[in-house]
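The next block holds one structure in the form of structure tokens; read it before the comments.
Naming: A, B, ... by sequence-line order, numbering from 1 per chain.
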Amino acid sequence: MTINWFKYASPASFYFLAGRMLPYFTALAITLLIVGLYIGFFVAPTDFQQGEAYRIIFIHVPAAWMSMFLYVVMAFWAGVGLAFNTRLSSMVASAIAPTGAMFAFLALWTGAWWGKPMWGTWWVWDARLTSELILFFLYIGFMSLQAAIDDPKRADKAGAVIALVGVVNVPIIYFSVQWWNTLHQGASVSLVQSPKMATAMLSGMLIMTLAAWMYSIVIILIRTRLIILERERHTAWVSELKEGVLE
Amino acid sequence: MIWWIVKRDLLLAMRRRSDVLTTLFFFIIVVSLFPLGVGPEPSILRTMASGVVWVAALLASMLSLGRMFSSDYADGTLEQMLLSPVSLAALVTGKAISHWLVTGVPLVLMAPVLGIQYDLAGDALLVLTLSLLLGTPVLSLIGAIGAALTLGLRGGGVLVSILVLPLYIPVLIFGTGAVEASSAGMEFGAHFSILGALLLVSIVFSPWATAASLRISMS
Amino acid sequence: MIWWIVKRDLLLAMRRRSDVLTTLFFFIIVVSLFPLGVGPEPSILRTMASGVVWVAALLASMLSLGRMFSSDYADGTLEQMLLSPVSLAALVTGKAISHWLVTGVPLVLMAPVLGIQYDLAGDALLVLTLSLLLGTPVLSLIGAIGAALTLGLRGGGVLVSILVLPLYIPVLIFGTGAVEASSAGMEFGAHFSILGALLLVSIVFSPWATAASLRISMS
Amino acid sequence: MKWESLSDFFAMGGYGLYVWGSYLVAMICVIGEVVLIRGRKRTLYKHLGQSRRSILRG
Amino acid sequence: MLTARNLECIRGEHKLFSNIFFSVNPGELMFVGGPNGSGKTSLLRLLCGLSSPDSGEILWNGMDIRDLDGDYRGMMTYLGHLGGIKDDLTALENLRISCALADCEIDENQAADALGQIGLAGREMLPAKVLSQGQRRRVALARLLVVQTRLWILDEPLTALDTAAVKLIKEILEHNLSKGGMVIMTTHQEIVMTAAAVHHLTLS
Amino acid sequence: MLTARNLECIRGEHKLFSNIFFSVNPGELMFVGGPNGSGKTSLLRLLCGLSSPDSGEILWNGMDIRDLDGDYRGMMTYLGHLGGIKDDLTALENLRISCALADCEIDENQAADALGQIGLAGREMLPAKVLSQGQRRRVALARLLVVQTRLWILDEPLTALDTAAVKLIKEILEHNLSKGGMVIMTTHQEIVMTAAAVHHLTLS
Ligand code: HEM
Ligand SMILES: Nc1ncnc2c1ncn2[C@@H]1O[C@H](COP(=O)(O)OP(=O)(O)OP(=O)(O)O)[C@@H](O)[C@H]1O
Ligand SMILES: Nc1ncnc2c1ncn2[C@@H]1O[C@H](COP(=O)(O)OP(=O)(O)OP(=O)(O)O)[C@@H](O)[C@H]1O
Ligand SMILES: [Mg+2]
Ligand SMILES: [Mg+2]
């Protein structure tokens, strides 16, 4: 069976396709979340170094990973939108940004609340922490720029330029910060790694990561659908939709 | 009338919700830049903290001064303000108040979080925040004079900083002084009294001076 | 053609001689404010020196970004640039060069003097100046992209800082890194190579990205 | 069951504040995002409804 | 009554004009004419107090306008080349705020009425930056429909307007004149208006 | 030859115009008319490539102007509402630089000549900010005297000009037309010009 991908590249078909996919992803996200949390709180053993505090890992690591992954995805779709003038991909990019920023914030927040009991401080200027902070700023920059532009076409393109420039910079930032840090006498504290992670911990973390992923897909699909409606509200198909039920 | 001006400026700020946020993020980013420049040593950072936060607040407040009158000037609204039968000093007070609401208040609210990045203790955080609360309105009021004087001059954005930064220095010194005194376990009430006095003086004199400067710039 | 643009922008800067001076004064004032905020301890100041000078250079360069295109935009010159048969990337390179000449070069020249205020040794001073010489053009080139993207947006001045400051960070880190390595008696050549590489990359990509951004902003 | 009691669960071996502080904020973020999207949807639908009414009127 | 006595205006090394005498009584209209750069705008700015004459005096009912200060400004409306229109505000907000500045607050309905009258019905909620040149001008001119001032000083009010709008403005000015208002205006376009008296002041 | 086929322009929720077809041949003039806000400026900006039509195409000698890019822009001069005049530069510098931007460098004497012809003799060295509205406009228009382009797209070139200047501009345009140039312009003022053919496009 061949699928006509171009069909789904039109906002209208995507709108309906996404609508049909949503329930499955939602169910998946909720299931994974429950399973992940169950493993995290009731199966995974106590860490012999960090005690129960390590349980923050089940949101911290998924959030940190998602924040980085989503930025690349966002830049990719924004770039596709810029290069091929496909409206849908730009809309997806704009839909990703808030969720990515939310995860970046969560990684920062949970990291800080983990750092306080483990390192005795909310924050250190460590390479990983610093580059996560900068990633958060890049998200904020992307969103502020798009928010400041009224014309959606211009907002898409301008956002794409800054997302692409940012994605080039992320590795540069990451390595520069890492190097900057090692030049000093080693930071007074460093990431405490449990020597060998118990399988329950690892699987909990991975399942929570999958849950975060599914959650991102759900939210991004919903947001993309909203953006599609907002932007296409004068087209015939939205008017038809309006006559029926707004589902 | 003051109310109309405040309302209008807030409306303008809200029209771009990002406006308020951006000043705030500027502040956050500047404060976060310093550790990158200076290095991650916590003990050094702690000594710098109040200085960096205060200097960043100064800069954030100063940078937005440009916007205070320039767009009103460019599109002729200011001309109309000068021609308005209402007292110019009142109009100007309105502008200073809205400037503070849009730029100062968010900084005050954000300061504790940034202090944590520099590993400040709870007490010092509180004093830092209070000193900003007393000091930032002074920045807006003094800044208004500078903004009015440099109106329509090319390079005004930088010129204004030369004019106002020297005037900001007392605020900076007493603001950071309070924090340092409290970190050192000393009495910081005197610093606060002086900040309060600066605030009163600027509330009384700045609208008048700003109105005069505006008239000079526009004639 | 690049030459015409550079000439014109320098002429404009010279028409207001204060323009060049003001960026410089801003830089000087920011650098001099810190000792006021942080206190006069020489050893602490020495550790901070390169960080403070570099952050001040970043801010000074960034603050003048607003002027890069906005006046050309407001009076319609930019429209004419877009309509010019000459390649827009060339025009934009001209603008970035003149921005660097007006804001970057004075900072580079001034840096040694300010370093002395912070009690830096001769070697470190030299490295500081060289790092600025390599780094400031990168700031102008990257900044041009931000300036082009935020053209005509309200609150553009602050918006541009949110966009470009995160991108400036590698320059800041390697710039200050070089100075600190040299103070610590270590090899700093690698830092310079990386700054050079950043410069090359931005020379190649920035005009293109800036031109694209201008077309986006103007359409 | 690895927890002795509910209060034991909430204490998290003395790290309750930090663990729950993290999870609570995570929850707020997720709920916040959902609520924001709901709000956006509602305003959009209101807008759409309005424009349909204005078409009917006009 | 607005009276000018022996006005002189020097800009750089050019004497733009000197020995200007005139007076404008209630119901009267004065056209200020002359080629580009002859000093029309400069004269109007003197008359409304935005700058001061190099010699001579400007009297409102016999009193110097500089002494009257706020009282004079409460009596007068000036519209210059620049409209005082904010790009980011909607037409409606622009009008309400510019009226509030002139100390004549109006509510949304009044503002919408005025905009409708001046031909901007349906555009009230658009931000000024997307309006066309002529529409921006209309937003600025809409103020004339709501202010209660007697003396109007208008610098090229008709630029960028289409013929329908020119006609409309003409009617608005004539209405003000018929109520005993005074109008001083410049324009490069020919326009005929009825007034108690029409003065022509030509600078050269 | 400039040809527009089936142009459509949508701004916000308004369709400004659609189904616009025309072509302008060498020596021909086209007036774009219509009330305020009817889309004249928007149309001219499409024609010079500053924005893109929502549908339809614009051809220069049969080729899409977007494909021609720099080649088309080298052939065309656009003057909009904004003059591109820098307040801080003198009239002379302004003219020289705006010409250089259009890739047609001129020296001081040529620039001074052009300014003299357009009625700014003696003001060449004044910074633009002290010039009157009409004088600034003249500085912008002086470019037409020196550029070598064939297609001129002018948005209300006559605003703020006095009658002498209007006549002058008319002659400049007619001279270009007689050489086989093309002119597309908007104006709210009545003006009669001779050309190989005069088209009127009225938007509404
Ligand atoms: C504000 C503070 C923190 C931030 C911004 C932060 C950021 C990050 C980021 C970006 C990652 C993903 C990095 C990668 O996979 O390469 C990560 C992973 C991780 N973080 Fe944090 N972190 C913070 C605090 C902490 C603390 C306090 C701990 C533990 C004591 C911690 C433990 C971990 C662990 C175990 C991983 C997973 C590493 C792996 O398996 O790759 N983090 N964090
Ligand atoms: N500093 C100066 N040096 C020399 N001339 C000056 C200076 N400032 C202004 N001028 C001249 O003063 C005149 C100002 O004219 P003004 O703006 O009043 O003219 P206007 O009659 O309104 O013209 P327009 O019809 O073009 O609007 C101009 O001719 C200008 O060149
Ligand atoms: N975002 C938008 N939403 C709604 N309407 C818009 C938007 N942008 C532009 N418009 C409308 O498009 C039109 C643009 O007109 P344009 O500037 O082309 O007019 P014009 O014919 O040049 O008028 P004028 O004679 O006043 O110069 C205006 O009517 C304006 O209100
Ligand atoms: Mg004039
Ligand atoms: Mg127009």
request  = Please state whether the side chain, the backbone, both or neither of C:Leu165 comes within less than 4.5 Å of a heavy atom of chain A.
outcome  = neither

ask   = Which pair of non-hydrogen atoms, one from A:Ser144 and one from C:Leu159, has the smallest distance, and what is that distance?
value = CB-CD1, 3.4 Å

request  = Check each atom of C:Ser206 against the heavy atoms of chain A and say whether the ones under 4.5 Å are side chain, backbone, both or neither.
outcome  = neither

inquiry  = Among A:Gly159, A:Ala158, A:Gly166, which residue has the highest count of heavy-atom pairs closer than 4.5 Å to chain C?
reply    = A:Ala158

inquiry  = Let's test your reading of the structure: which of A:Ile172, A:Leu82, A:Leu138, A:Leu145 forms the most heavy-atom pairs below 4.5 Å with chain C?
reply    = A:Leu145

inquiry  = Between C:Ala178 and chain A, with a heavy-atom cut-off of 4.5 Å, which part of the residue counts as in contact: side chain, backbone, both or neither?
reply    = neither

key: A:Lys116, NZ: over 12 other non-hydrogen atoms inside 6.0 angstrom   = yes

Flag if over 12 foreign heavy atoms under 6.0 Å of CH2, C:Trp208 = no

request  = Taking atom CG of C:Asp123 as the centre, report whether more than 12 heavy atoms of other residues, nucleotides or ligands fall under 6.0 Å from it.
outcome  = no

query = Looking only at heavy atoms, which two atoms of C:Leu163 and A:Gly141 are closest? And how far apart?
reply = CD2-O, 3.4 Å

key: Selection from C:Ile142, C:Val201, C:Ile169, C:Leu167 maximising heavy-atom pairs under 4.5 Å formed with chain A   = C:Leu167

ask   = Hey, what do you get for NZ (A:Lys157) to OG (C:Ser217), rounding to the nearest 0.5 Å?
value = 11.0 Å

note = Whatever's closer than 4.5 Å to a heavy atom in chain A on C:Ile145 counts as side chain

Minimum heavy-atom distance between A:Arg154 and C:Leu149, given as atom pair plus value = NH2-O, 3.6 Å

key: Approximate separation, where rounding is to 0.5 Å, of C:Leu172 CG and A:Ser176 OG   = 9.0 Å

ask   = Taking side chain as C-beta onward, heavy atoms only, is A:Asn169 less than 4.5 Å from C:Pro170?
value = yes

query = What is the distance from atom CE of A:Met143 to atom CD1 of C:Ile162, rounded to the nearest 0.5 Å?
reply = 10.0 Å

